[in-house]
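Step one of this worksheet: look at the structure below.
Quick caveat: nothing in here was measured; it's all calculated off a predicted structure. Quick note: residue numbers are just sequence positions, from 1. Side chains included, hydrogens not; waters and symmetry mates left out as well; all remaining heavy atoms used.
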Amino acid sequence: MDTNSQNIQPVPPFSEKNEETPDIGGGLPIIEYWAEHTLSPEGPKLWKTLLHKSACLSCSWGTGGQKGGFTNEEGEKLQRCMKSVEAISAEIKPAVKAHYFEQHSIAELQRLTSREADRLGRLSYPMILRAGSSHYDRISWQEVYEIAEAAFRKTPERVASYSSGRSSNEAAFLLQLLMRAIGSNNLADCSDLCHAPSTTGLNEMFGTRTSVVSLENLKQADCVVLAGSNSAYNHPRLMNELIKIRDKGGKIIVINPVMEIGLVKFGSPAFPVKSLIPGSDISSLYLQPIPGSDTALLVGIQKSVIEQGLLDETYLQAHTEGWEAVVEHARETDWETITTTCGVSQAEIEAAAKIIGSSKRVVFGWAMGITQQKNGVDNVFSIANTALMTGNVGKEGAGLMPVRGHSNVQGFGSMGVTVELKKEIQHTLEQLLGRPLSAVKGYNTRSLIEAADAGKVDTLICLGGNLYGANPDSTEAKRALGKIETIIYLATKPNLGHFSGLAKHNTIVLPVLNRFENPYKTTVESGNNFVRFNDEGETHLTDSDLIPEVHFFTELAARIHGTYPVDWRQLQDTKYVRQLIAKTIPGFEKMATIDETKEEFTISGRIFNEPKFPTDSGKAKMFVAPLPVLKLPEIQDFGGSESVRGLVVALMTGRSYSQHNTVVYQIDDKYRGIPHRNCILMNRTDAESAGLQQHQRVTVQGNVGKMENVEVIYGAVREGAALMFYPEVNVIFHPEIEERSGTPAYKRVPALVYAEA
């Protein structure tokens, strides 16, 4: 790895990888996977879907739409990845076997793993679990609407929703309009658990809540800083852009406590000769900080930028506010405090600062390793401060790029599915409704669980997602959901939430069509603000009783509201929903004519090619981000005796390679050398200091539970840290919460690892 400055290399034990891990990420296994699926009996259906003019179901990096299933917004081909194939393969499976749910009790269903639940197949008829029943029963749509209407007529503050990015902008808009019309602001969303600190931080600093970088911008960068993101697993198409930046002489700085092999070297099928087999170099410099210490590392980079004379003070004076305090904070923080807090050497920090300060155009990208911390907003402030101090916001080829997860998770926020509604959208919604919105603050995802546990929620509707599985402290989540009278799940496939997130009286699971099956056109939004237009499709499920999501929301709203404030049943034609979006959501004016033009577009006002920002002053506001005080508890704090021999670690939750959100497609993780889900990835030195060995079985204890018979796997994780798989590990901890955004600190969970005597 070159650093363009000093020969800084990560050194053992940080860089020690498992003997079973490959030398590169990606590569031939991807081709083998494609061949296995596309040449199988499901191959024709898979290819038909891959070529369908609809957006990819997987990550928000996205591809597909009107340019074709394999094409991105820049017209580049071969932009489908293995995760896309996984997602489609799960959606084109046959229906769950007839009478399966009638024949298997809830107790049996609760013993299924995420992978086993997903492999049951597609949901094909509505079903209900009534109070006192041990089995799901089939239910008519007429009774579904009767129960749903009664549930939505409860006191508005006691009605809530939860959603994921699986669905369309149109369904998202209708969901929030239905909720606002009844007087509820309880619009929890999966983004509350991941990128809410990004939304909060960017909004306070720049008056925007999303990436300010387009794909076109990214291509012009000569340096990318990628922090707290394993894009080789979760956003493989982004890897193509990193490869191209490296090929033209650019630099990639990776910040991650785990050395992920795909971020060191990645073999992309998009470049079969130069990359697929030999692999392409990704990281120019790989920094492995202590989990939760990113602000300290970034302040260190800022301090070094100042000391190396790379500070762009002219830019700061012209385009920012509050910069003096930020610069002074970095200048006055001593190196010993910085390096002790983050665990990265001064030499490595100086190398990173030189690369950033010497590059002409730098893009800063980050994901949940940054946001899922107790100080997640401060982490975002620190990233943005670093970008501003080097003049890298508001010009082509530079800027800030939160790397989001699900394909349309950003679109849901844009449509108003949020408890932090933009003032502009609030104004247009109030005009539409003819009255002010409720002044009662809505529940985000964590406060929803807490409110339900306190008996304050009667009705919950879930549009996709797995609210039970995604939440920390699984025992609390199950208990809280069990106090809600009625829960309605809209889903394409079974998940663990349908079996463990059960309501007090009625749990209803409604089968819906997926994105490429809908009988109407829909839109989604990528993480880089590009709106894709999806063609109609048809389902392969014959003799099924599925419904489009839009039809359910419009019919339910019509029964509750009649024609107030709109003719709801007319909105079953999504063309009219798009026209309503164009009038209501700033930046989406082109939605009014997209049915005629089929013109996909970048949302106006979001990409900053000039340092002019939508704040009151037109300048970016900078905030001092204090260094975190990081301290792990002692063994005795976990209730153990002094004779217990073990180790307290900063545990990070993470996904495996073949996993999407809470859905697990394969139980192993070949790139980390992890053979199954009940494992803990540890640093060899840490493990051996506690008398533990590779493949030994241990107990991992958090603050509310423990997991037993966990296999120790040595890996390239820095000392003092460890990694286990989400969502299974959620059962052991009740995390600290980022107070400004409500996001749980999944990426720094104090845990005791020990062998039973």
Side-chain angles (χ1 to χ4, degrees), residues 22-39 43 46-47 49-89 213-222 224 226 229-252 254 260-284 363 365 397 401 403 407 526-528 530 532 657-658 660 670-671:
D23 293 325
I24 67 170
L28 286 177
I30 296 177
I31 301 300
E32 294 169 358
Y33 183 93
W34 271 77
E36 175 187 348
H37 284 267
T38 57
L39 300 179
L46 182 58
W47 277 111
T49 305
L50 285 166
L51 295 168
H52 187 257
K53 289 185 177 181
S54 59
C56 172
L57 293 174
S58 192
C59 79
S60 72
W61 188 250
T63 189
Q66 291 304 296
K67 293 183 173 67
F70 281 82
T71 309
N72 65 19
E73 56 261 49
E74 292 295 302
E76 296 171 312
K77 306 296 182 183
L78 297 178
Q79 297 297 308
R80 285 279 194 180
C81 71
M82 176 179 145
K83 296 191 78 68
S84 181
V85 174
E86 283 178 328
I88 293 172
S89 180
V213 177
S214 64
L215 176 58
E216 181 184 8
N217 280 160
L218 179 62
K219 291 177 178 298
Q220 298 177 53
D222 57 4
V224 172
L226 188 65
S229 172
N230 185 7
S231 293
Y233 276 34
N234 300 315
H235 314 90
R237 293 279 57 84
L238 174 56
M239 302 306 294
N240 285 346
E241 305 307 322
L242 301 184
I243 289 170
K244 287 184 281 190
I245 288 170
R246 285 300 310 269
D247 284 348
K248 68 180 183 181
K251 306 298 179 185
I252 310 295
V254 176
E260 305 287 8
I261 188 63
L263 298 180
V264 177
K265 190 179 283 285
F266 188 83
S268 173
F271 312 106
V273 176
K274 69 179 182 180
S275 177
L276 180 60
I277 296 176
S280 298
D281 289 334
I282 302 299
S283 57
S284 308
V363 169
M401 185 181 72
V403 185
S407 58
S526 79
N528 285 343
F530 188 75
R532 291 190 168 87
Y657 177 65
S658 195
H660 183 65
K670 64 182 67 178
Y671 291 120

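Under the ring-ring contact (aromatic ring centres under 6.0 Å, His included) criterion, Tyr33 pairs with His37, sequence neighbours left out.
Annotation: side chain of Ile88 is in contact with side chain of Arg80 (closest heavy-atom distance under 4.5 Å). The shortest side-chain heavy-atom distance between Glu260 and Val254 does not fall under the 4.5 Å cut-off.
The backbone N or O of Ser268 lies less than 3.5 Å from a partner atom in the side chain of Ser275, making a donor-acceptor pair. Panel note: side chain Arg532, backbone Gly64; a donor-acceptor pair is recorded below 3.5 Å. Judged by distance alone, with hydrogens and angles left aside, the side-chain atoms of Gln79 form a donor-acceptor pair with the main-chain N or O of Lys77 at under 3.5 Å. Judged by distance alone, with hydrogens and angles left aside, the side-chain atoms of Thr38 form a donor-acceptor pair with the main-chain N or O of Trp34 at under 3.5 Å. Of the possible polar contacts, none joining the Ser407 side chain to the Cys59 backbone as a donor-acceptor pair under 3.5 Å is found. No donor-acceptor pair closer than 3.5 Å links the side chain of Lys83 to the backbone N or O of Leu57.
Note: Tyr657 and Tyr233 have perpendicular aromatic rings, judged against thresholds of 30 and 60 degrees for the angle between ring planes.
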Check against side chain to side chain contact (heavy atoms under 4.5 Å, CB included), Asp247 and Lys274: CA-CA 10 Å; Asp247 284 348; Lys274 69 179 182 180; 2.6 Å; yes

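The CG atom of Asn234 lies 10.0 Å from the SG atom of Cys81; values are rounded to the nearest 0.5 Å.
Between Gly262 and Met239, the shortest heavy-atom contact is O-CE, 3.3 Å.
Residue Arg246 forms a side-chain contact (heavy atoms from CB on, under 4.5 Å) with just one option from Ser283, Ser280, Ser284, and that option is Ser284.
Within a 6.0 Å radius of NZ in Lys219, more than 12 heavy atoms belonging to other residues, nucleotides or ligands are found.
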